[in-house]
There are 2 protein chains.
Amino acid sequence: MRSSAKPPSATLPAKPRRRAARAPAPKPYHHGDLRRVLIDAALQLVGEGGSDAVSVREAARRAGVSPGAPFRHFPSRDALMNAVAEEAQRRFRAEIEALLAEAPANNPLGRFRCLGLAYLRWAMKNPTHFEIISSRRFFDHDKAAGVSQDNAELIDLTERTLAEAFAQGQLRPADLKQVQIAGRALVYGFARMNIDGHFPRWGVAGADAERTAEGILDLFIEGIAKVPSKSA
Amino acid sequence: MRSSAKPPSATLPAKPRRRAARAPAPKPYHHGDLRRVLIDAALQLVGEGGSDAVSVREAARRAGVSPGAPFRHFPSRDALMNAVAEEAQRRFRAEIEALLAEAPANNPLGRFRCLGLAYLRWAMKNPTHFEIISSRRFFDHDKAAGVSQDNAELIDLTERTLAEAFAQGQLRPADLKQVQIAGRALVYGFARMNIDGHFPRWGVAGADAERTAEGILDLFIEGIAKVPSKSA
DNA sequence: AATCCGTGTAATCGATGCTTACATTCACAA
DNA sequence: TTGTGAATGTAAGCATCGATTACACGGATT
């Protein structure tokens, strides 16, 4: 945030005070788990106004803590964003794999499609969270290894799935690596078009979005599948 | 900029002085064309460090002008960014159309491919400029009509080209609208993957990028073309 | 030549990220 | 049980940023 559009944090949890002895210590000097709370607050801010809407001070405010406190847990705003990205990526991966678990095991191309669809659905449903896990502006690759690893494993998963599909003769001959990159570019691009507000210009309204997502995914898969009129 | 990584503006372009009457007035009170200079400075800042690296103050600094001066020309930082986006979009469109002019007129699908390639090349070459014309964070759609119009006309162009290709029987039967959106998602996604730093993870180095771009474009076109081994 | 208004300056405000010095409390050891 | 050090939060302050306001300059119109 560039200082312009930052609301004055309307809602504080009515921070109580006093502590010590044995009274129902309402305001302990040490916050229970500030790190966790800060990540949640930041995650919420992301959900409200995108990654730009995250400020350390506002997160501290929502946690009911002084502006300097977060720096005990995160050396910089970027570090906080890294942690946020890590959390978002964890959720992303969890949902993808959950959906994949329901897909039939004996149809690799179908599973490939399922992966793409799960990817698109999550991205459409959580655009702001998707944004921060996709832009490498956060988490420096070196730090935040969790994100990279989760992501890398997801990529490996699709790669294996695609290779299986090819091995079972479901694909036309092609450079599998390029197919994989093209597929990624397709779903990533679609998700990004949503985030970046391209859809209105393309006549894709909110309700159509998911249907369109499915449509372009099937179009792509038809393009790489062996029999042009089979897998859709 | 969030105050952290802002260099102290090492290089001032020896701010141009003089104008008016004929005496060597070294520092004219009125800048010649501050608006233009500010846009150029901002454009340069974008090229150096992305859209986040643009601050009104730094642009003013490079223009050799006081921090408040830019607000005579742009009511807000966003307004400045709008103008920058407009300029970038203009250049983008100009180059696309220039490249398209060299494509054979009688092969719509080839022209469609040329459009995609030109799009990808420009995006790879000017990633930071591409970023600001693609994110709707800048130019409010209502304002900055120039960007929207340039973009809309480019979209119309590809739509017409695709329709021609279909009319000439170069495509397999398909929902043209979805083909167009898929194509856009593909190239946009690829360009965005570059911007967002996804390529290292995908084993796409700088030199490979353009070749890979061509590869996935051809893959896509093969997928929608009538004879699977014709248009590439 | 006198005036007006577009354009730049100076000063200031509130917000932000981040740092430093200090205060408090928890946890572990004697 | 008691002491002490490390962890964690507070207070205060710096620099930068976007944005506003009052003022100064000067080119163009009349």
Side-chain angles (χ1 to χ4, degrees), chain A residues 1-9 15 17-23 25-38 41-42 45 49 51-82 137-138, chain B residues 1-9 15-23 25-38 41-42 45 49 51-82 84 137-138:
Chain A
M1 174 110 338
R2 252 190 170 86
S3 88
S4 31
K6 175 138 297 285
S9 163
K15 55 177 131 173
R17 48 222 50 195
R18 193 90 0 104
R19 154 220 33 162
R22 60 213 51 199
K27 174 76 188 235
Y29 185 90
H30 284 77
H31 194 289
D33 185 1
L34 184 55
R35 184 187 160 86
R36 174 87 246 149
V37 171
L38 286 172
L45 285 170
S51 48
D52 282 354
V54 179
S55 81
V56 176
R57 288 180 118 95
E58 178 62 20
R61 226 168 276 139
R62 298 201 176 189
V65 103
S66 79
F71 291 91
R72 289 289 175 196
H73 300 269
F74 305 99
S76 70
R77 176 184 183 274
D78 279 355
L80 171 59
M81 295 304 288
N82 286 3
R137 206 183 339 176
F138 317 110
Chain B
M1 176 104 340
R2 253 186 171 88
S3 88
S4 30
K6 174 136 298 281
S9 165
K15 49 184 132 169
R17 47 217 53 187
R18 188 113 346 119
R19 170 211 28 143
R22 60 211 55 204
K27 173 77 187 229
Y29 188 89
H30 285 77
H31 193 289
D33 185 0
L34 183 55
R35 184 188 159 87
R36 175 87 245 150
V37 172
L38 285 172
L45 284 171
S51 49
D52 282 354
V54 179
S55 81
V56 177
R57 288 179 116 94
E58 178 63 20
R61 228 169 274 136
R62 299 199 175 190
V65 104
S66 79
F71 291 90
R72 290 288 177 200
H73 299 268
F74 305 98
S76 70
R77 175 184 183 274
D78 279 354
L80 171 59
M81 294 305 288
N82 286 2
V84 170
R137 204 183 339 173
F138 318 110

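Chain naming here is simple, since letters A, B, ... match the order of the sequence lines and numbering starts at 1 in each.
- In this entry the distance linking CZ of A:Phe74 with P of D:dT8 reads 12 Å, nearest Å.
- Of the residues near DNA chain C, B:Asp33 and B:Arg57, the one whose nearest nucleotide (by heavy atom distance) lies more toward the 5' end is B:Asp33.
- In this structure, CG of A:Leu45 is placed 11 Å from P of C:dT16, rounded to the nearest angstrom.
- For the pair A:Arg77 CZ and C:dA15 P, the computed distance is 17 Å after rounding to whole Å.
- Regarding B:Phe71, its CZ atom lies at a distance of 14 Å from the P atom of C:dT9, rounded to whole Å.
- To the nearest angstrom, P of C:dT24 lies 19 Å from CG of A:Leu34.
- Scored by the side-chain contact (heavy atoms from CB on, under 4.5 Å) test, A:Arg72 finds no partners at all (sequence neighbours excluded).
- Phosphate proximity of C:dT16 to A:Arg61: present, with a side-chain N or O under 4.0 Å from OP1 or OP2.
- For A:Ala69, whose side chain is taken as the heavy atoms from C-beta onward, the closest listed nucleotide among D:dA19, D:dG9, C:dC18 is D:dG9.
- Contact check for A:Val65 versus A:Leu34: side-chain heavy atoms found under the 4.5 Å cut-off.
- For A:Asn82 and C:dG17, the CG to P distance is 15 Å, given to the nearest whole Å.
- At C:dG6, none of the side-chain N or O atoms of B:His73 fall inside 4.0 Å of OP1 or OP2 (strictly under the cut-off).
- Under 4.0 angstrom from either OP1 or OP2 of D:dG9 there lies no side-chain N or O belonging to A:Ser66.
- B:Phe74 pairs by the side-chain contact (heavy atoms from CB on, under 4.5 Å) definition with B:Arg35, B:Leu38, B:Ile39, B:Ala79, B:Leu80, B:Ala83, not counting sequence neighbours.
- In plain terms, the two heavy atoms of B:Pro67 and B:Ala60 that are nearest each other are CA-CB, 4.2 Å.
- Each of B:Pro67 and A:Arg72 was matched to the nucleotide of DNA chain D holding its nearest heavy atom; the match closer to the 5' end belongs to A:Arg72.
- Counting to the nearest Å, the C1' atom of C:dT16 and the CG atom of A:Asp52 are 13 Å from each other.
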